[in-house]
Amino acid sequence: MSCQSSYIGVGASSDYLDFDGLPGQSRRRLANTPESHTALAALLSGSRGEDHEVVVVLEASGGCERGLHRVLVEAGVPAAIVNPQQVREFARSQGLRAKTDRVDARAIRRFGEVRRPRPTPLPDPVRAELIELLGYRDQVVAEITARTLQRGHLSSAFLIKRADAALERLRQESEMLAQLIEATVASDPELSRRAAVLTSFQGAGPLVAADLVAHMPELGTLNERQAASLAGLAPFARDSGQRRGVREIAGGRPRVRRALFHVARVGLRWNPVLKALYERLTARGKPGKVALVACMRKAVVILNAMLKTGQPWDPDYQTKKKAAQKDALAP
């Protein structure tokens, strides 16, 4: 007998959890607290049967969903974290144009019923800590950017002095977090091994490698198209009839794409493969932005191949490969 699944949609914010599809109480709001997480996990784990399972679908909400997700998975309740943009587009297709917490929970439940997402596994403890450290450092860097812009508009000598002192503290904290991130990667043998392979590629520094091992753990197990798609670097066609529209990239994981942007930007100076690709494309009339995205896609394909083989970067790999193929075809 096949197992049937019923879906519960959850919209998470910092203060509340909005549910749609809870057994016996379709819609409900609970506080987003550890006590609520534990009570819900006990309720749902007790509602499972041999021919029926409950799947909780949570929309990614900047980390507000992580506490509930962790408790549910630890209690053996299947829980999937889904892309909010995909849910919003699905909701519009279903005529759900209003956006409230209750409507969001209903849209997430319907999305789960149609798309049937796979449960999202918990990251291992070290990777989970690494994700938090990277997110916290991002906030510090964003504050440095905001305060630097603010300082440029100040005229009071007193306020300028205060702003400079605040910026110095933030820069020290950013540097301390960067060192802690590197130490966290080094503390785990597998993450350290993967990061060592990635940083051998010219353009990928320690923080970029940390971002990739934390937010794209599948890297090294994918084919070229899957790697590009997961990073949001696969161009989508915009064709209709005789019209051929401009290809655009969309979707994927923004953090991974941002990390690859840094790889490509640095690689244009120091990586011979990325530099040659960029120059070849711009010489053919391609806009600089298009050529840069092509370099990002090339970078993720190469990094994926490197992790698949476990071999560090060899800038002469393509030359050696072509030479070997030529020798193999020679009579």
Side-chain angles (χ1 to χ4, degrees), residues 5-48 52-123 125 127-140 142-143 146 214-215 251 253-255:
S5 299
S6 60
Y7 289 83
I8 298 171
V10 184
S13 66
S14 58
D15 297 322
Y16 298 105
L17 298 167
D18 286 276
F19 297 88
D20 191 275
L22 275 176
Q25 44 187 339
S26 180
R27 298 187 183 91
R28 189 177 178 186
R29 166 172 280 192
L30 297 174
N32 192 355
T33 63
E35 293 77 16
S36 295
H37 302 164
T38 303
L40 183 69
L43 171 67
L44 296 180
S45 60
S47 66
R48 290 179 296 170
H52 177 263
E53 71 171 359
V54 174
V55 181
V56 179
V57 184
L58 305 99
E59 186 179 68
S61 303
C64 298
E65 77 289 348
R66 290 179 192 161
L68 176 59
H69 175 257
R70 183 181 65 256
V71 173
L72 289 174
V73 174
E74 290 175 347
V77 179
I81 299 177
V82 297
N83 187 313
Q85 182 178 352
Q86 293 179 353
V87 174
R88 179 54 21 202
E89 291 175 353
F90 173 82
R92 292 194 185 98
S93 74
Q94 298 290 302
L96 299 174
R97 296 193 173 274
K99 181 166 174 50
T100 65
D101 294 332
R102 177 175 291 184
V103 170
D104 284 350
R106 190 191 323 161
I108 295 167
R109 176 180 62 80
R110 291 187 183 178
F111 178 87
E113 291 171 345
V114 173
R115 297 294 297 272
R116 304 176 70 86
R118 294 180 179 179
T120 304
L122 286 175
R127 193 164 72 86
E129 182 180 1
L130 184 59
I131 289 171
E132 286 193 357
L133 286 170
L134 288 164
Y136 191 85
R137 184 175 182 275
D138 279 352
Q139 294 174 355
V140 172
E143 189 172 354
H215 294 284
R253 299 178 184 175
R255 285 197 64 106

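Each residue takes its place number in the sequence, starting with 1. Values reported hereafter were calculated over all heavy atoms of this structure, with side chains retained and with hydrogens, waters and symmetry mates removed.
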Note to self: For Pro34, give me all partners under side-chain contact (heavy atoms from CB on, under 4.5 Å), at least two apart in sequence or on another chain.
What the structure shows: none

Notebook entry, point to check: How would you list, by chain and number, every residue that makes a side-chain hydrogen bond (donor to acceptor under 3.5 Å, both in side chains) with Tyr16, sequence neighbours excluded?
Noted result: none

Notebook entry, point to check: Of all residues at least two apart in sequence or in a different chain, which pass the side-chain contact (heavy atoms from CB on, under 4.5 Å) check with Val140?
Noted result: Tyr136, Ile144, Leu170, Glu173, Ser174, Leu177

Check: Do Thr120 side-chain atoms and Ile81 backbone N/O form a donor-acceptor pair below 3.5 Å?
Finding: yes

Item checked: Set of side-chain contact (heavy atoms from CB on, under 4.5 Å) partners for Thr33, sequence neighbours left out -> Ala31, Glu35, Ser36

Please table the atom pairs, donor to acceptor, closer than 3.5 Å between any side-chain atom in residues 106-114 and protein atoms at least two apart or in another chain.
residue, atom, partner, partner atom, Å
Arg109, NE, Asp20, OD1, 2.3
Arg109, NH1, Glu113, OE1, 3.4
Arg109, NH1, Glu113, OE2, 2.8
Arg109, NH2, Asp20, OD1, 3.3

Item checked: For Ser13, side-chain hydrogen bond (donor to acceptor under 3.5 Å, both in side chains) partners two or more places apart -> none

Note to self: Show every ring pair (Phe, Tyr, Trp, His ring centres under 6.0 Å) that has at least one partner inside residues 56-76, sequence neighbours left out.
What the structure shows: none

Check: Who are the side-chain hydrogen bond (donor to acceptor under 3.5 Å, both in side chains) partners of Glu143, not counting sequence neighbours?
Finding: Arg147

Checklist line | Pairwise salt bridge (Lys or Arg N to Asp or Glu O under 4.0 Å) hits with a residue in residues 57-73, at least two apart | finding: none

Next item on the list: Not counting sequence neighbours, which residues clear ring-ring contact (aromatic ring centres under 6.0 Å, His included) with Tyr7? List them please.
Entry: none

Next item on the list: Taking side-chain hydrogen bond (donor to acceptor under 3.5 Å, both in side chains) as the test, write out the residues that go with Arg28, two or more places apart.
Entry: Gln25

Checklist line | salt bridge (Lys or Arg N to Asp or Glu O under 4.0 Å) against Glu74, all qualifying residues, sequence neighbours excluded | finding: none

